[in-house]
Amino acid sequence: YPTLKRTLARRARELQVKRFCRAQAIQRRLEEIEVTFRELEQQGIKLEKLLRDENESPADLQTQWTNQLLYLVQKKNNLMSEESDLMIAVQELKLEEQQCQLDQKLRSYMIKKDTLKTPEDEKAEEEILKKLVEVVNKRNVLIQLQEEKRLSEL
C-alpha cells in the first residue's frame, strides 16, 4: 500500500512539526517565567528592605509596601502554577512523541501479512504493543493530574 504509507509518513511528519513548535513555545514561555521570577525576587527584596529599614515611615506607606509585597507573592505563585502546567505539557509532548514512534513501528509490523511474519516479528509486535499501552497509561495519568489540579484551583 504505497499511497497509504506515504500518507501516514506525511501525517507523522506534520504531527512531529506541530509537537516541535509546541515544545519551542513552551520553552520560550519557561524562559520568560524564569526572567519574571528574577525580576519579582528583586522587587520583593527591595520592598522587604524598605519595610525593615523604614520603621519610622508613615503607617499608610508601610501598608502600601506590604500590599505590594503580597501582590508580588501572589504573582510569583501564579507563575509557579503556570510553570508546573508547562512542565506537565513537556512530559505530555515527550509521551506523545513516544506514542507516535511506537504507532509507526507497530503499523510496519501490522502491515505485514501474517504468513510472512517470523516469530521474532510477532514477539517484537507484542513488545511494541505493551510499550504503547504503557505510554498511553502514562499520558492518562498526566491528564488526570491536570484535571485534579484544575479542579483544586476552582
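Counting begins at 1 with the first residue of the sequence. Side chains are part of it too, since the values below use all heavy atoms of this structure and drop only hydrogens, waters and symmetry mates.
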Return the set of residues passing side-chain contact (heavy atoms from CB on, under 4.5 Å) with A12 (not counting sequence neighbours), or none when no residue passes.
-> C100, Q104

Between Q99 and L132, is any pair of side-chain heavy atoms under 4.5 Å apart?
-> yes

Using residues 120-131 as the side-chain source, report each donor-acceptor pair under 3.5 Å to any protein atom, sequence neighbours left out, with the distance given to one decimal.
| unit_1 | atom_1 | unit_2 | atom_2 | d |
| --- | --- | --- | --- | --- |
| E120 | OE1 | T118 | OG1 | 3.3 |
| D121 | OD2 | K112 | NZ | 2.8 |
| D121 | OD2 | T118 | N | 3.3 |
| D121 | OD2 | T118 | OG1 | 3.3 |
| E125 | OE1 | K117 | NZ | 2.8 |

Does some side-chain heavy atom of L30 sit less than 4.5 Å from a side-chain heavy atom of M87?
-> yes

Pairwise distance CD(Q74) to OH(Y71) - rounded to 0.5 angstrom = 7.5 Å

Answer yes or no: is there a side-chain heavy-atom contact under 4.5 Å between N137 and V133?
-> yes

What do the steps show when you test K76 against L79 for side-chain contact (heavy atoms from CB on, under 4.5 Å), and what is the final call?
-> CA-CA 5 Å; K76 187 175 178 182; L79 286 174; 5.6 Å; no

Nearest 0.5 Å please: distance from the CG atom of D85 over to the CD atom of E153.
-> 6.5 Å

Check step by step if side-chain contact (heavy atoms from CB on, under 4.5 Å) holds for L142 and R139.
-> CA-CA 5 Å; L142 283 179; R139 285 186 69 192; 5.6 Å; no

Kindly say whether T3 contributes a backbone atom to a donor-acceptor pair with the side chain of T7 at under 3.5 angstrom?
-> yes

Pairwise distance CD(Q98) to CG(D103) - rounded to 0.5 angstrom | 12.0 Å

Do the side chains of L151 and E148 get nearer than 4.5 Å, heavy atoms only?
-> no

Drop me the distance from L95's CG to L102's CG, to the nearest 0.5 angstrom.
-> 10.5 Å

Exceeds 12 heavy-atom contacts within 6.0 angstrom, atom NZ of K149 = yes

Go through the steps to decide whether R22 and E96 satisfy the test side-chain contact (heavy atoms from CB on, under 4.5 Å), and finish with yes or no.
-> CA-CA 12 Å; R22 280 181 32 212; E96 208 174 295; 3.7 Å; yes

Taking the side chain as C-beta and beyond, is there a heavy-atom pair between E92 and E97 under 4.5 Å?
-> no

Separation between CZ of R19 and CD1 of I26, rounded to the nearest 0.5 Å | 12.5 Å

Under a 4.0 Å N-O cut-off, is there an ion pair linking R150 with E147?
-> yes

M80 reachable from I88 in the ILVMFWY side-chain graph, under 4.5 Å edges | no

Nearest-0.5 Å distance that lies between atom CG in L51 and atom OG1 in T66 | 4.5 Å

Ignoring hydrogens and angles, write down the donor-acceptor pairs under 3.5 Å from the side chains of residues 35-50, residues two or more places apart or on other chains.
| unit_1 | atom_1 | unit_2 | atom_2 | d |
| --- | --- | --- | --- | --- |
| T36 | OG1 | E32 | O | 2.8 |
| E48 | OE1 | R52 | NH2 | 3.4 |

Decide whether I33 and V90 are clustered together by the hydrophobic rule: side chain heavy atoms of Ile, Leu, Val, Met, Phe, Trp, Tyr closer than 4.5 Å, transitively.
-> yes

Start with the C-alpha gap between K138 and E134, add the side-chain angles, then the distance that decides, and say whether salt bridge (Lys or Arg N to Asp or Glu O under 4.0 Å) holds.
-> CA-CA 6 Å; K138 287 178 184 177; E134 287 175 15; 5.2 Å; no

Should E83 and R29 count as an ion pair when the cut-off is N to O under 4.0 Å?
-> no

Same cluster for L93 and V135 if Ile/Leu/Val/Met/Phe/Trp/Tyr side chains link at under 4.5 Å?
-> no

